[in-house]
There are 2 protein chains.
Amino acid sequence: MTVSIKDVARAAGVSPATVSRALGGGPVSAELRGQVEAAVKATGYRPNLSARRLRSRHSQTIGLIVADISNPFFTAVARAVEDAAYTAGLRVILCNTDENPQKEAMYLQLMEEERVTGVIFAPTRASVDKLSRGTYGFPIVLIDRAGRASGQDAVVLDNFAAGGMLVEHLVAQGYRRITGLFGNASTTGIERHDGYVAAMRQAGLVPAAHFIAPSIEAAEAEARQWFAQGTAPEAVIASNGLLLMGVVRAMRAADKRIPQDMAITGFDNESWTELAGPGLTVIEQPVADIGRTAMKLLLERLDAPDAPARKVVLGGRCVVRGSTSRAAPAAN
Amino acid sequence: MTVSIKDVARAAGVSPATVSRALGGGPVSAELRGQVEAAVKATGYRPNLSARRLRSRHSQTIGLIVADISNPFFTAVARAVEDAAYTAGLRVILCNTDENPQKEAMYLQLMEEERVTGVIFAPTRASVDKLSRGTYGFPIVLIDRAGRASGQDAVVLDNFAAGGMLVEHLVAQGYRRITGLFGNASTTGIERHDGYVAAMRQAGLVPAAHFIAPSIEAAEAEARQWFAQGTAPEAVIASNGLLLMGVVRAMRAADKRIPQDMAITGFDNESWTELAGPGLTVIEQPVADIGRTAMKLLLERLDAPDAPARKVVLGGRCVVRGSTSRAAPAAN
DNA sequence: AGCAGTACTGAAATCGTTTTCATACAACCA
DNA sequence: TGGTTGTATGAAAACGATTTCAGTACTGCT
């Protein structure tokens, strides 16, 4: 039925070992190598990766476990990881947890069964602190969310600084009643919140923050409520792309103008943010850098399993657009 | 080092065969089953999937090969496929070809080496016709793009009808100079184009179509040129989400209003289309249905390898928004 | 000529499972 | 009782590759 290395060996008139060596770049005479290549072509041989992985005892595979594959932030990171892995000769298994700790546990177990050489992981808040080095048979590099996570390699945004940056920008524009909307599933929400609070205090303003589910719907519901009750702030900071979109939706639904009725800013420079209303001011994350760096940390960790853990903190860039301008000051 | 089924067997005082049976739900007495479970827990045993797949000769895995993972259409389909696969007890390997035929060939080869049980595939125009049943060791279900593809299972949108729908909608709104922008990498572009042309003729209008690379940048460049040369049409139809975004960008850059300066409509009801300008009129594809149906066709194909090929054509829904309204007719 | 070293090659062991095959024992039936 | 099932179990083969080990043939050197 399916053609194995023995069939190729027979066709080439050599031993299976020689076929294996010829294909794997081992020491084989030019003559036999030619015969093997011809036999491979003639038989249509395809190596069986399961057998190869079993015997050679390395999978040449890493796992990438993200929280939400429909979030452009993660697809962008995934792309960078994929590219870096490819050039390192590794395959990537992409897993999507939907911010669900049970799925996280399931996928981590799957990674063990696949005998992956390492994992890049964006954990939920619930599980980030439970991770400890050596629990799993492979090294883990955290991305996007590291929490306190001592002892784990990680690459994250400087969330505290970024949260502060947005406040400072808004304050510079003259906004004072600034509300924050933060996701309650990840540690990034907390850190961005802390940066927001610190910068508000610094500016002599009183912070007003809400932690909500990280979904468009939750943010939209929250903002709608403000408009319904007339409690909308002058400006809002949304801690990720989904929340940002929810707020914009609510403003359209309530027929409010950006930024005249409420200024709006947040995280993740997704391509649509440029197009919504007057363009949205956002913190742009270095997504490609994050992916590349995570892969780099992982490879270095594989080389030196016992080296101390490293946490790489990357800076965000504030992209200013119309959604936070005060060109035409509202009367308040 | 790593614990194998033999270690579990020893710990449980049974043979490896019994452990295998206990874990796989075979006939094992309640007593031994208990001992095995205890031993598994005690040893921290994790089955080696490579060994399992090698011996059992089925991978319980399917491949999903898409053209662009950053296109929300494909992530949505992927999600549906993933869910359906999960309930069928199958794993999914997700591959991204970037519309590159070489990557397609590479991933198809990889799928052979992984011995997947089947593949769901969105091929580029270049390779769709080269596929023929039986070339690969597994069945393939085409999605989104099927071309003429006789003899292949497929699930696609009724692109011809959808292309016509947009024209009819625009004509009903009073637009007459309607230009089409179509992606040149996929067969969907061609079919949507054909539907566009037919409907234009039907309405007594003369079609004007451009085939361009399926990227935001290409569409933006094209539309910018219109404005620079003063050749912009009254309305434009973009054959996918990327092209649509490119056109919107160009209009913003040229400071044109939607729909007064140019009406705009296209494919894929991505969440941002609701937010851009006055909201964009689009054809919504039944993404979840597409994924589910593809998985269903694949499973049925595995059951009946010799049944005749089936092509499922799903209808699109026209979501009307402000970008095509003539409420305030422009002076032209 | 003899010896050491180098470069290939093939036989056989091995990776960690599942599956086949044989066996033991109990239950059932005539 | 004795034969026939049927069920639970273990020993051993098998899956398809890589890797180890033991040559063999050559080369170069003394």
Side-chain angles (χ1 to χ4, degrees), chain A residues 1-37 39-40 43-61 89 91 109-117 137, chain B residues 1-37 39-40 43-61 89 91 109-117 137:
Chain A
M1 179 61 213
T2 166
V3 26
S4 85
I5 202 171
K6 284 185 191 171
D7 303 311
V8 177
R10 199 171 313 125
V14 301
S15 75
T18 298
V19 176
S20 175
R21 282 190 278 252
L23 266 42
V28 175
S29 70
E31 188 190 350
L32 291 196
R33 186 179 298 273
Q35 294 177 30
V36 167
E37 277 161 11
V40 164
T43 55
Y45 170 68
R46 290 275 177 274
N48 182 319
L49 290 186
S50 293
R52 181 190 303 230
R53 289 200 267 254
L54 172 59
R55 174 60 237 233
S56 67
R57 310 185 59 107
H58 40 52
S59 61
Q60 307 285 51
T61 299
R91 278 209 36 239
Q109 176 168 338
L110 178 65
M111 294 303 101
E112 289 197 293
E113 301 185 350
E114 293 277 8
R115 304 292 194 266
V116 296
T117 58
Chain B
M1 180 62 213
T2 166
V3 26
S4 84
I5 202 171
K6 286 186 189 169
D7 302 311
V8 177
R10 199 172 312 123
V14 301
S15 74
T18 298
V19 176
S20 175
R21 282 190 277 253
L23 267 42
V28 175
S29 70
E31 188 190 349
L32 291 195
R33 186 179 301 273
Q35 294 178 30
V36 168
E37 277 161 12
V40 165
T43 54
Y45 169 67
R46 292 272 176 275
N48 181 320
L49 289 186
S50 292
R52 190 200 297 265
R53 288 200 266 255
L54 172 59
R55 174 61 239 226
S56 67
R57 310 183 58 106
H58 41 52
S59 60
Q60 306 286 50
T61 300
R91 278 210 35 241
Q109 177 168 338
L110 178 66
M111 293 303 102
E112 289 197 294
E113 300 184 350
E114 293 277 8
R115 303 293 193 266
V116 297
T117 59

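Quick note on labels: first sequence line is chain A, next is B, and so on, each numbered from 1. Just so it is clear, the values below take in all heavy atoms, side chains as well, and ignore hydrogens, waters and symmetry mates.
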- Hits for salt bridge (charged side-chain N to carboxylate O under 4.0 Å, His left out) against A/Arg55, two or more places apart or cross-chain, chain-then-number order -> none
- Item | Minimal non-hydrogen separation, A/Ile5 against A/Ser20, with atom names | CD1-N, 3.8 Å
- SB check B/Arg91 A/Glu114 (cutoff 4.0 Å): yes
- Item | Separation of B/Ser4 OG from B/Arg10 CZ (nearest 0.5 Å) | 7.5 Å
- Task: Starting at CZ of B/Arg53, measure out to CG of A/Leu54 and round the result to the nearest 0.5 Å.
- Result: 11.5 Å
- Got a second to check how far A/Arg52's CZ is from A/Leu23's CG, nearest 0.5 Å? 7.0 Å
- Query: Under 3.5 Å, is there an N or O donor on one side and an acceptor on the other linking the side chain of A/Arg55 and the base of C/dT14?
  - Reply: yes
Expected rows: protein N/O vs nucleotides 26-28 of chain C N/O, under 3.5 Å:
none

- Message: How many whole angstroms separate atom NZ of B/Lys6 from atom C1' of C/dT17?
- Response: 10 Å
- Message: Short of 4.0 Å, heavy atom to strand atom, which residues of residues 9-22 of chain A count as contacting DNA chain C?
- Response: A/Val14, A/Ser15, A/Ala17, A/Thr18, A/Arg21
- In the 5' to 3' direction, the nucleotides of DNA chain D bounding the stretch that comes under 4.0 Å of a heavy atom in chain A are D/dG16 to D/dT20
- Message: Tell me the closest heavy-atom pair linking A/Ala9 and A/Val19, and the distance in Å.
- Response: CA-CG2, 3.6 Å
- Query: The side chain of B/Thr2 lies closest to which of these nucleotides: C/dT18, C/dG16, C/dT9?
  - Reply: C/dG16
- Note on the structure: Closest non-hydrogen atoms of A/Val116 and A/Ser59, given as atom of the first, atom of the second and distance, are CA-OG, 3.4 Å
- Query: A/Arg57 has an atom CZ; how far is it from atom P of C/dT17, in whole Å?
  - Reply: 10 Å
- Item | Approximate separation, where rounding is to 0.5 Å, of B/Tyr45 OH and B/Lys6 NZ | 12.0 Å
- Item | OG-NE2 distance between A/Ser50 and B/His58, expressed to the nearest 0.5 angstrom | 12.0 Å
- Query: Quick one, which residues of residues 30-37 of chain A touch DNA chain C with a heavy atom under 4.0 Å?
  - Reply: A/Leu32
- Item | By salt bridge (charged side-chain N to carboxylate O under 4.0 Å, His left out) - contacts of B/Arg115 (at least two apart) | none
- Task: Measure the distance from NE2 on B/His58 to C1' on C/dT18 and round it to the nearest whole Å.
- Result: 9 Å
- For residues B/Val28 and B/Arg33, report the shortest heavy-atom separation together with the two atoms involved. O-NH2, 3.5 Å
- From A/Gln35 CD over to A/Ser29 OG, what is the distance, rounded to the nearest 0.5 angstrom? 7.5 Å
